[in-house]
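Here's the structure, in structure tokens; my notes come after.
Reminder, nothing fancy here: chain letters follow the sequence lines and each chain counts from 1.
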Amino acid sequence: MSQRKKSVSASQNKTQRRSQASLNEDEEASFSQVSSSQVQRARENFTSDQIDRKVAEVVQFILIKDQKKMPIRRADIVKHVIKDYKLLYTDIINRVCRTFEQVFGLKLVETDPKNHIYILINKLDPIQGEPVSMRSVNPKKGLLFVILSVIFMKGGVIKENLVWNSLKKLRVDPGEKHDEFGDVKKVVTDEFVRQKYLEYVKIPHTEPVEYEFRWGLRSEKEVSKLKMLEFVGELFEQDPQSWTQQFREASTVDSSSQRTSS
Amino acid sequence: MSDTRRRSRGSQEEPAGPSNGVGVRNRSERTGDMGDEDDVVGGPSGISEEDDDPTRRREIRSKYRDLINQVQQNREDMLNPANNKLTDVLEEANKLFVNVRQAREAALDAQLLVLATDLGKEKASQLHAEGSAFDPSAFAEHLLSFMGLNRLEDESGQDGHLEGYLPQGAWQKLANRSESCFKTAPSFHYMLGSFLAEPPPPRQRVERQRRVPSKEAKRIMPTQLKQMEESHQEATEKEVERILGCLQRYFADDSGEPISYYEFVIDPNSFSRTVENIFHTSFLIRDGLVRMFLDNDELPCIAPVEEGEIEPGGASIRHQCVISINQESWREIIDAFDIKEALIPVPEVLSQES
């Protein structure tokens, strides 16, 4: 009896997995089916000049896509740039990563290995007191910092209301049009969310419906919790280590990410 | 039987104190045996007049709803560790519960309890935090100071109401400082800024879509042009050949008599066809396939040149002459020669084109 049950559930699992795979676009299937001999043949089909050009095109594509800080989907890279060179995707993207690291000092990170979404982050630490880029920083960064730091200091998840209340205290009313940010609610729950800085999710079983905020995948890669904690400490004129829990989390995350990046 | 139960319940109710916990237990028993009594209205059910008074019940419900609202609206305040508002709400609810007799009011009490428990849980989680607690309100105050809040107008000093204003560029200042927490890749921009923010993504798409059809269009265009040129050249050649054929036929029909040039060339229905015929015939004469001379009446005649007569290299003496014709002389010639119809029929292609 229990054996039968097991076999049934196993086959169910299989069908489920299959339907999931088919959901992940046929593009996914063609990627996993690539054999090494196919890749070998493809390598012979293209001259190194052709591949150099493709690599340059992908680099440019990603740079332009990154202007708005929206994550870059592998499907888009393939569809718009790689095209016929699809079999060599891994070769090309590896060289693109190398170009970003060695030429631009940037790092191409796959934030979501399942859906193959990439972001660009800076590999170099900012120099103290130096402007990071020639252009002035977007003031929205300040808004984002406030939200991210409140989430982090409150343990990773906060109710939507806490965000709006905190912003109201800073003279930013989500219901009103702000001089610098425009439609604040849209910036926070749409732009930041699409850029993967924030996650904005419905809390289950709430009536009326409530939402909560968490850090998005981009923030996890791009924001240094330790530096954030240092700044918060500066504001409170307090030792960052006095927030024991946060400090512990920040130092473990930062050191582990340093280990993976080096 | 039911009588004794009711009496026992009554005795239970009396000592029910203001403690919520007891109230809840109490209520669950009540709703249990009220399920079958609720529908029966009036005396026989055993509920006293006072318990069933609709106005009183409505009043209790409204008070519960106010309380629930108050909790929902002031959630953040209630969570503040500095006050005891949650306890106040619970005590208020206990006072209300003393008068609760029926399920509808009890359900509201339960709803409030759910909210209170949720708040309690959150308050408890604040206690968990090791080390310093983080107070978002204080954080906001510190941020305001950092951003250079102008507090000059801060006279009333009331908390919760916003005084003072942030100077220009306050958020920019915060953004600049917090930038050091981010490892954001500097975004790529064109040096002259001509394609600053908006165009790039659509621009790429447009380019790619256009490139493909334009290639095809280019490929089609030249072939079309070539065909046109070819057909024109061919048309002239064909027309010259056709006219030669006509001339040779008439010549043979007329048993080798030369044909009057004007009669041959003139189309009485069309001046332009006439000009075209003259033009095409001139090719025949230039190529030496046809000769032109004056007959006994000093009128121009033409006759095809026999195969053998063609002199190689065009060694024979050639004369050049210019024939001019205008509408007037064209009509005169038609009258003089009494031309009724064209000897050279209108070619099919041209008639289609016109």
Open item on the list: Quick check for you: among B:Gly169, B:Pro136, B:Ala170, which has the greatest number of heavy-atom pairs under 4.5 Å with chain A?
Closed with: B:Pro136
Open item on the list: For A:Lys141, is there any backbone N or O sitting under 3.5 Å from a side-chain donor or acceptor partner on A:Asn138?
Closed with: no
Task: Atom group of A:Leu120 that falls short of 4.5 Å from chain B, counting heavy atoms - done: both
TODO: Name the region of A:Phe181, side chain, backbone, both or neither, that has any atom closer than 4.5 Å to a heavy atom of chain B.
DONE: side chain
Task: Toward chain B, the part of A:Leu143 with a non-hydrogen atom under 4.5 Å - done: both
TODO: Verify whether one side chain among A:Ser251 and A:Arg248 offers a donor that lies under 3.5 Å from an acceptor in the other.
DONE: no
Task: By side chain to side chain contact (heavy atoms under 4.5 Å, CB included) - contacts of A:Asp84 (at least two apart) - done: none
Task: Cation-pi geometry met for A:Arg74 and A:Tyr118 (6.0 Å, 45°) - done: no
Open item on the list: Check B:Glu91 with B:Lys95, please: is the shortest side-chain N to carboxylate O separation under 4.0 Å?
Closed with: no
Open item on the list: Heavy-atom cut-off 4.5 Å, strictly under: side chain, backbone, both or neither for A:Val146 against chain B?
Closed with: both
- [ ] Assess the side chains of A:Tyr197 and A:Glu222: does a donor N or O sit below 3.5 Å from an acceptor N or O?
- [x] yes
Task: Proximity breakdown for A:Glu237 and chain B, heavy-atom pairs closer than 4.5 Å - done: neither
Open item on the list: So for A:Lys69, is it side chain, backbone, both, or neither that comes closer than 4.5 Å to the heavy atoms of chain B?
Closed with: side chain
- [ ] Please answer whether the main-chain N or O of A:Val184 pairs with a side-chain N or O of A:His178 as donor and acceptor at a distance below 3.5 Å.
- [x] no
Open item on the list: For chain A, which candidate among B:Ala185, B:Ser178, B:Ala140 shows the most heavy-atom pairs at distances under 4.5 Å?
Closed with: B:Ala185
Open item on the list: Need one label for A:Asp66: side chain, backbone, both or neither, based on atoms under 4.5 Å from any heavy atom in chain B.
Closed with: both
Task: Which of A:Asp179, A:Leu162, A:Leu229, A:Asn161 touches chain B most, by non-hydrogen pairs under 4.5 Å - done: A:Leu162
